[in-house]
There are 2 protein chains.
Amino acid sequence: MDAIDTKIIDLLSADAKRSLADIGASVGLSPSSVNERVRRLTASGVIRRFTVDLDPVQTGMQTLVFVWIALRDDADEDAFRAYAAAHPLILECHHVTGAWSYLIKLRVGDTTRIEPFLADLKSRRFVGRSETVLALSSPVPGALVRKDDA
Amino acid sequence: MDAIDTKIIDLLSADAKRSLADIGASVGLSPSSVNERVRRLTASGVIRRFTVDLDPVQTGMQTLVFVWIALRDDADEDAFRAYAAAHPLILECHHVTGAWSYLIKLRVGDTTRIEPFLADLKSRRFVGRSETVLALSSPVPGALVRKDDA
DNA sequence: ATCCATTTCCGAAAAATATGCAGCACATGT
DNA sequence: ACATGTGCTGCATATTTTTCGGAAATGGAT
């Protein structure tokens with residue numbers, strides 16, 4: 001992970017379809033050298049995968065929601081984590097410091113989808129209390145990338 | 001955006017380096033047809049870009065932080081949004097419902113980097129109050145993808 | 001400083017992949 | 001029935017990736 005690797009990652013982040021020759025020209029290396037570096041970055045796990053950044057609107061996932069979760073005292077925490085990992089709407093789930101125990105980030109098509117989501121969480125007896133926060137607009141939206149569960 | 005497009009996007013999400021022939025075999029189309037569909041998906045903006053998913057640890061951004069922000073009454077909100085968009089550590093910034101006005105998601109190398117970050121926010125007179133939440137672990141970590149600011 | 005071992009790089013050939021296009025099939029609306 | 005538009009295929013071509021031998025650079029150790 002030297003300066004050239006960093007630059008290669010920057011370039012791939014912006015456009016992973018750029019050719020090895022293009023990248024080579026930018027970093028001052030031959031295509032084969034760039035190839036070898038990308039191979040190593042992938043093998044070592046710095047690059048986890050090549051993927052696509054999608055438009056939330058056109059994929060029908062317009063509404064961004066954060067849900068703070070306080071687990072029930074008797075909740076099966078492992079089961080909750082597995083549930084979160086498998087849930088198609090849940091983009092992220094973090095165990096966090098502070099008054100709440102978990103923070104879930106999810107995307108839904110519209111706000112009507114939130115209530116069933118919360119109802120399901122409660123019916124599975126994971127949640128004690130929860131607090132839902134909607135994103136109204138996003139000065140820095142972040143990328144939309146599918147979960148890596150292949 | 002028919003069922004085949006959806007499947008192509010699923011396949012590309014999991015591995016954007018898969019060849020057109022491979023994808024074609026999975027969806028029952030010739031390579032050229034897949035090529036044309038990918039071209040259209042990109043042109044129409046469904047696919048925003050091809051990119052890479054990185055390992056936070058190996059990129060030195062181990063610590064995930066959420067910061068709730070209440071802007072000062074006299075804060076220049078446009079300036080704040082521009083600042084957030086340009087800030088290298090800020091992965092996301094959302095205007096949200098609830099008691100706080102903004103939610104910022106950022107990654108830092110270690111917790112010592114948080115204080116300077118907050119200090120900078122305050123010195124620019126954006127922030128009234130703020131609350132910082134650290135992610136301790138992430139059952140669903142989400143992808144790490146660089147911001148699209150090329 | 002010199003030597004050796006290791007790594008990294010390059011260039012050229014070969015393999016794989018993407019691209020562009022003509023022609024065909026199918027559906028839609030007139 | 002006809003014309004129009006759209007999407008698909010298969011082929012030819014262009015581009016890109018991959019491989020590999022040998023050269024250059026790097027990094028210790030003496």
Side-chain angles (χ1 to χ4, degrees), chain A residues 1-61 109 143-150, chain B residues 1-61 109 143-150:
Chain A
M1 274 297 277
D2 59 6
I4 293 180
D5 283 339
T6 305
K7 186 148 188 186
I8 289 175
I9 285 180
D10 287 347
L11 293 167
L12 287 178
S13 293
D15 176 13
K17 272 198 118 59
R18 188 179 264 111
S19 76
L20 300 173
D22 268 8
I23 297 171
S26 298
V27 303
L29 250 63
S30 72
S32 21
S33 294
V34 177
N35 188 37
E36 172 62 12
R37 278 172 179 266
V38 173
R39 195 198 59 72
R40 264 212 318 279
L41 287 169
T42 307
S44 69
V46 177
I47 297 174
R48 292 206 283 215
R49 60 171 166 156
F50 286 72
T51 187
V52 286
D53 179 10
L54 303 171
D55 176 9
V57 175
Q58 297 204 54
T59 48
M61 296 280 113
L144 172 53
V145 165
R146 293 269 164 77
K147 273 196 292 187
D148 188 8
D149 46 18
Chain B
M1 276 296 276
D2 59 5
I4 293 181
D5 283 339
T6 304
K7 186 149 189 187
I8 289 174
I9 286 180
D10 287 347
L11 293 167
L12 288 178
S13 293
D15 177 13
K17 273 198 118 59
R18 187 178 265 112
S19 75
L20 299 174
D22 268 8
I23 298 171
S26 298
V27 303
L29 257 82
S30 72
S32 2
S33 293
V34 176
N35 189 33
E36 172 62 12
R37 277 172 180 266
V38 172
R39 196 198 58 72
R40 265 214 315 278
L41 287 169
T42 307
S44 68
V46 177
I47 297 174
R48 292 206 284 215
R49 61 173 166 156
F50 286 73
T51 187
V52 286
D53 179 9
L54 303 171
D55 176 9
V57 176
Q58 297 205 55
T59 48
M61 295 280 113
L144 173 52
V145 165
R146 293 270 163 75
K147 273 196 292 187
D148 187 8
D149 45 19

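Predicted, not measured: the structure shown is a model, and the values here were computed from it. Proteins come first, then strands; the chains are lettered A, B, ... in the order of their sequence lines, and each starts at number 1.
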Item to complete: Among D/dT9, C/dC9, C/dT19, find the nucleotide with the atom closest to the side chain of B/Leu20.
Response: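 Nearest listed nucleotide: C/dT19.
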Could you state the atom-to-atom distance from [atom1] of [X] to [atom2] of [N] in whole Å?
X       : N      : atom1 : atom2 : answer
A/Leu29 : D/dA25 : CG    : P     : 13 Å
A/Asp22 : C/dA18 : CG    : C1'   : 15 Å
A/Ile4  : D/dA25 : CD1   : C1'   : 13 Å
B/Ile8  : D/dG7  : CD1   : P     : 12 Å

Worksheet item: salt bridge (Lys or Arg N to Asp or Glu O under 4.0 Å) between A/Arg37 and A/Asp5: does it pass, once the steps are laid out?
Response: CA-CA 7 Å; A/Arg37 278 172 179 266; A/Asp5 283 339; 2.8 Å; yes
Discussion item. Within the structure provided, determine whether B/Leu11 and B/Val27 are in side-chain contact (heavy-atom separation under 4.5 Å).
Written reply: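 When only atoms from C-beta onward are counted, B/Val27 and B/Leu11 do touch, with a gap below 4.5 Å.
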Practice prompt. Starting at OG of A/Ser44, measure out to CE of A/Met1 and round the result to the nearest 0.5 Å.
Written response: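 With rounding to 0.5 Å, OG (A/Ser44) is 8.0 Å from CE (A/Met1).
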Fill in: Value rounded to 0.5 Å, distance of CD1 in B/Ile47 from NZ in A/Lys17
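Nearest 0.5 Å value for the CD1-NZ distance: 8.5 Å.
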Item to complete: Starting from the 5' end of DNA chain C, give me the residue, A/Lys17 or A/Pro31, whose nearest nucleotide shows up first.
Response: A/Pro31
Worksheet item: Taking A/Thr51 for the side chain and B/Ser13 for the main chain, is one N or O donor matched with an acceptor at less than 3.5 Å?
Response: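 It does hold such a pair.
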Practice prompt. Mind listing the residues from residues 32-44 of chain B sitting with a heavy atom below 4.0 Å of DNA chain D? Number order is fine.
Written response: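 Hits under 4.0 Å, by residue number: B/Ser32, B/Ser33, B/Arg37, B/Arg40.
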Discussion item. Consider salt bridge (charged side-chain N to carboxylate O under 4.0 Å, His left out). Of B/Arg49, B/Lys147, B/Arg146, which one does A/Asp53 pass it with?
Written reply: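 For A/Asp53, the salt bridge (charged side-chain N to carboxylate O under 4.0 Å, His left out) check succeeds only for B/Arg49.
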